[in-house]
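The structure appears right after this line, and notes come after that.
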Amino acid sequence: MKNRLNLLQLRLLALFGAFALTVTSFIAYMHDETAGLYCAAVTLCYLLLLLVLFLISRKSAFQDGEGENLSTLTIDFLSKLSSPVLLISDEDTVAWYNRAFSELDSGVRYGAACHAVLEGALTLDRIKAKAELNDASPLELRVGDKSYSVSYFKTDVSKKEFYLTLWTDITELTEAKLLLRQRNVLVAYIVVDNMSEITQGIQDSYRESSAKIGAILSEWAASLNGILKEYERDKYILLFEERYMNEIVAGKFEILDRINAAGSADFGVPLTVSIGLAQTDGALAEKENAAKISLQLALQRGGAQAVVKTETGSDVYGGRTKSVQKRTKIRSRVIASELVNELRASSNVLVFGHKNADYDSIGACVGVARLAMYHKIQVNIVVNENDAAVVTAKQMLKHIPEYESVFTDGVCGQEMLQPKTLVVITDVSNPDLFESPEIFANAPRVVIIDHHRQAREFDRPLLISYIEPTASSASELISEILEYALPPSTVCKEEAELLFAGILLDTQRFSRNTGIRTFGAAVYLRSEGGNPGNAQSLFKYGVSEFMKLAILESNVILFRGIIAISQYDADNEVENRVIAAQAADRMLNIENIKASFVLALVGDAIHISARSDGSINVSLILEKLKGGGHFDMAGARLTGVSMKQALIMLRESIVEYLDSGNKL
């Protein structure tokens with residue numbers, strides 16, 4: 001209105017000027033014709049200028065009117081819109097809202113703080129946080145029993161920022177998505193781990209127990225409204241809807257305990273099952289393949305557990321029942337044949353184990369080297385020559401000409417990589433613990449032979465993945481392979497004794513984690529000339545080691561009456577890692593102790609050695625600290641923490657294991 005008034009005043013002034021010039025021109029013409037003509041010309045120019053300005057002002061006034069009309073229409077449209085609209089000021093207050101929004105929140109008022117509107121469901125901070133991430137997607141909010149998709153638009157008015165939010169009701173769409181998710185069909189593979197081992201030679205017991213296990217699984221499937229089919233003896237596939245997953249997870253896969261109890265009642269030894277499940281999207285074929293991968297991971301972790309493959313990784317449940325060692329060597333014979341074929345197709349072979357090599361690691365590497373030498377293939381063992389076990393092994397093998405240039409370091413090993421190089425990794429399946437992660441990353445062809453629980457999936461395909469947690473040691477697995485792949489009397493006496501030492505180390509002199517196959521491997525090594533006495537002599541203590549063991553044993557702390565913990569940080573010598581393992585073994589002899597943990601400072605890291613009598617899975621406990629290993633023998637390495645912090649972390653992991661049931 002004020003602009004229009006000013007424009008009218010200007011027009012009146014312009015008309016008055018035109019009138020004055022006209023009168024002046026007439027008077028001038030009356031006195032002097034020439035002067036009158038000049039004045040008339042000026043007046044004409046002035047009139048033309050007024051005409052142009054008049055036309056421009058009319059156009060501007062028309063546009064202003066249209067803008068005002070458009071603004072009025074916009075406000076009217078938003079006011080009558082059925083979807084809620086809320087305008088938020090840069091002070092995080094309500095600047096404006098329409099009728100639909102007032103129906104959504106009857107208590108809304110102009111100038112009210114946003115955190116007081118809809119119980120703070122939408123605030124300016126939340127919008128700005130999304131804007132800072134350049135995320136223009138709508139916000140999804142739940143208000144009462146309805147879901148809303150909130151789009152927001154930023155605008156500046158009079159140097160102030162405002163956010164216009166448009167609320168769209170998506171309740172039906174959200175419920176449809178939820179229903180679709182609940183009806184998503186999941187695939188699970190179920191395998192009875194140790195039925196043949198427990199019932200070997202007892203066909204009647206086998207049939208009865210197999211039928212009993214099948215009935216338990218069928219009952220479980222029926223409770224899930226699922227479909228269970230036995231596609232092979234003691235192997236099942238289960239299809240069910242995802243809506244039952246919360247119930248299964250809440251019960252921590254109680255079916256594992258039910259199967260265990262059934263086996264214990266019949267044989268006194270628990271039967272175990274492994275479950276591989278895919279909780280993912282995609283086609284059924286993709287889910288089925290993911291379930292197979294999960295089952296393989298469950299078996300390679302020792303069985304008696306369930307592995308659930310999700311979009312973000314894998315969740316593991318169970319693993320608290322120690323696996324029964326397999327009696328048959330069928331898989332060893334198959335692996336031996338496959339390994340020989342891969343060796344023959346290779347230009348050269350690189351072998352290595354884990355960092356801080358022990359006798360099991362170096363013994364297994366030497367066994368693979370002997371297999372490659374027999375087939376006349378160039379082989380090198382990648383080691384850290386400062387490791388005590390490596391120094392001893394080189395000393396033992398120095399009289400064998402074939403080992404003159406076999407040992408090398410990681411740098412030279414990388415230079416030996418060729419397109420047809422075969423890399424064989426023994427006694428470790430965790431890439432973080434490899435002696436040379438760089439060689440593994442660049443190797444075109446990889447084989448892994450290990451007896452530890454596999455902590456996670458590999459991010460690349462392997463030629464052979466022979467991970468058998470029921471075996472006592474990697475040396476046992478390699479000895480079985482050599483027995484099938486080599487003629488008698490091919491293994492040198494020193495090589496056999498190193499493999500013997502590896503078995504002695506991981507079985508604590510045949511006192512733990514032994515089975516028929518363990519003693520079978522020992523018999524084979526003895527037949528190849530290995531002397532158990534010579535292998536045993538490798539474990540003699542030095543004077544300093546003996547003194548440190550005495551300190552560790554005098555500092556034992558009992559935790560919850562069944563856990564023994566000790567620590568050593570007087571120095572950071574490399575030998576402390578071996579001493580920690582020896583102390584953990586000895587601490588298990590304390591009455592009522594079920595597991596022992598020893599922390600020792602080695603270099604700039606803290607090493608943890610753990611041992612168990614078989615009733616506690618120490619691998620599960622140390623996996624929380626990014627370690628792992630075997631059911632009753634495991635380790636971890638912590639960096640960047642003090643001994644006190646390491647003790648706190650260990651105790652928290654132990655408490656979580658003892659109190660949390662089956663989930664890792």
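Index from 1, following the sequence.
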field: Exceeds 12 heavy-atom contacts within 6.0 angstrom, atom NZ of K594
entry: no
task: Working to the nearest 0.5 Å, report the span between OG of S653 and NZ of K624.
output: 7.0 Å
- request: For the residue pair L256 and I275, establish whether any side-chain heavy-atom pair is separated by less than 4.5 Å.
  value: yes
- request: May I ask you to decide if S429's main-chain N or O and D450's side chain share a donor-acceptor pair within less than 3.5 Å?
  value: yes
query: For the rings on F440 and F352, is their centre-to-centre separation under 6.0 Å?
result: no
field: Main-chain N/O of A535 paired with E497 side-chain donor or acceptor, under 3.5 Å
entry: no
pair L482-Y524: side-chain heavy atoms closer than 4.5 Å: yes
Where A584 and V598 come nearest, the two heavy atoms and their spacing: N-CG2, 3.6 Å
field: Polar side-chain atom of N617 near backbone of L620 as donor-acceptor pair, under 3.5 Å
entry: yes
task: Would you check if the side chain of N289 reaches a backbone N or O of A285 as a donor-acceptor pair within less than 3.5 Å?
output: no
- prompt: How far apart are the closest heavy atoms of V491 and A496, and which atoms are they?
  reply: CG1-N, 3.8 Å
query: Does the side chain of T421 pick up a donor-acceptor pair with the side chain of R445 at under 3.5 Å?
result: no
- prompt: Partners of E232 by salt bridge (charged side-chain N to carboxylate O under 4.0 Å, His left out), sequence neighbours excluded?
  reply: K235
message: Contact between L350 and I439 at the side-chain level, heavy atoms closer than 4.5 Å - yes or no?
response: yes
field: Side-chain heavy atoms of D409 within contact of V383, under 4.5 Å
entry: no
task: Flag the pair Y189 / Y231 as yes when their ring centroid distance falls below 6.0 Å, and as no otherwise.
output: yes
task: Output yes when a side-chain donor or acceptor of N380 lies under 3.5 Å from a complementary backbone atom of F407, and no otherwise.
output: no
Electrostatic pair E385-K394, nearest N-O below 4.0 angstrom: yes
task: Inspect the contact between E404 and K398 and indicate whether a charged nitrogen and a carboxylate oxygen are less than 4.0 angstrom apart.
output: no
Where G529 and K493 come nearest, the two heavy atoms and their spacing: O-CG, 3.3 Å
Backbone of L552 reached by a side-chain donor or acceptor of S566 within 3.5 Å: yes
- prompt: Do the side chain of T490 and the main chain of P487 share a donor and acceptor less than 3.5 angstrom apart?
  reply: yes
Non-hydrogen side-chain atoms of V366 and L499 separated by less than 4.5 Å: no
Heavy-atom side-chain proximity of I335 to I481 below 4.5 angstrom: yes
task: Before giving the answer on side chain to side chain donor-acceptor pair (under 3.5 Å), spell out for S472 and R517 the whole-Å C-alpha distance, their side-chain angles and the decisive distance to 0.1 Å.
output: CA-CA 9 Å; S472 70; R517 290 170 58 178; over 6 Å; no
Donor-acceptor contact present, side-chain S337 to main-chain R333, <3.5 Å: no
query: What pairs with E528 under salt bridge (charged side-chain N to carboxylate O under 4.0 Å, His left out), at least two apart in sequence or on another chain?
result: none
message: Return the CG to NE2 distance between L339 and H375, rounded to the nearest 0.5 Å.
response: 8.5 Å
List the atom pairs, with distances to 0.1 Å, where a side-chain N or O of residues 602-611 and a protein N or O form a donor-acceptor pair under 3.5 Å, not counting sequence neighbours.
residue, atom, partner, partner atom, Å
R611, NE, D585, OD1, 2.7

field: Donor-acceptor under 3.5 Å (T408 side chain, C412 main chain)
entry: no
query: Is the CD atom of E311 crowded by more than 12 outside heavy atoms at less than 6.0 Å?
result: yes
query: Is the side chain of N348 donor-acceptor paired with the backbone N or O of M416 at a distance under 3.5 Å, no angle test?
result: yes
- prompt: What about Y359 and F500, are their ring centers closer than 6.0 Å?
  reply: no
field: Lys/Arg-Asp/Glu bridge criterion (N-O < 4.0 Å) met for E495, R370
entry: yes
message: Just so I know, are the side chains of K626 and D432 near enough to count as touching, which here means a heavy-atom distance under 4.5 Å?
response: no
field: Side chain proximity check, E435 to N384, heavy atoms < 4.5 angstrom
entry: yes
query: At their closest point, which heavy atom of E288 faces which heavy atom of V187, and how far apart are they?
result: CA-CG1, 4.0 Å
message: Could you check whether T518 and E476, counting side-chain N and O atoms only, form a donor-acceptor pair closer than 3.5 Å?
response: yes
task: Measure across S294 and L277 and return the closest heavy-atom pair with its distance rounded to 0.1 Å.
output: OG-O, 3.4 Å
task: For residues L625 and L638, report the shortest heavy-atom separation together with the two atoms involved.
output: O-CD2, 3.8 Å
Between D506 and H451: side-chain donor-acceptor atoms closer than 3.5 Å: yes
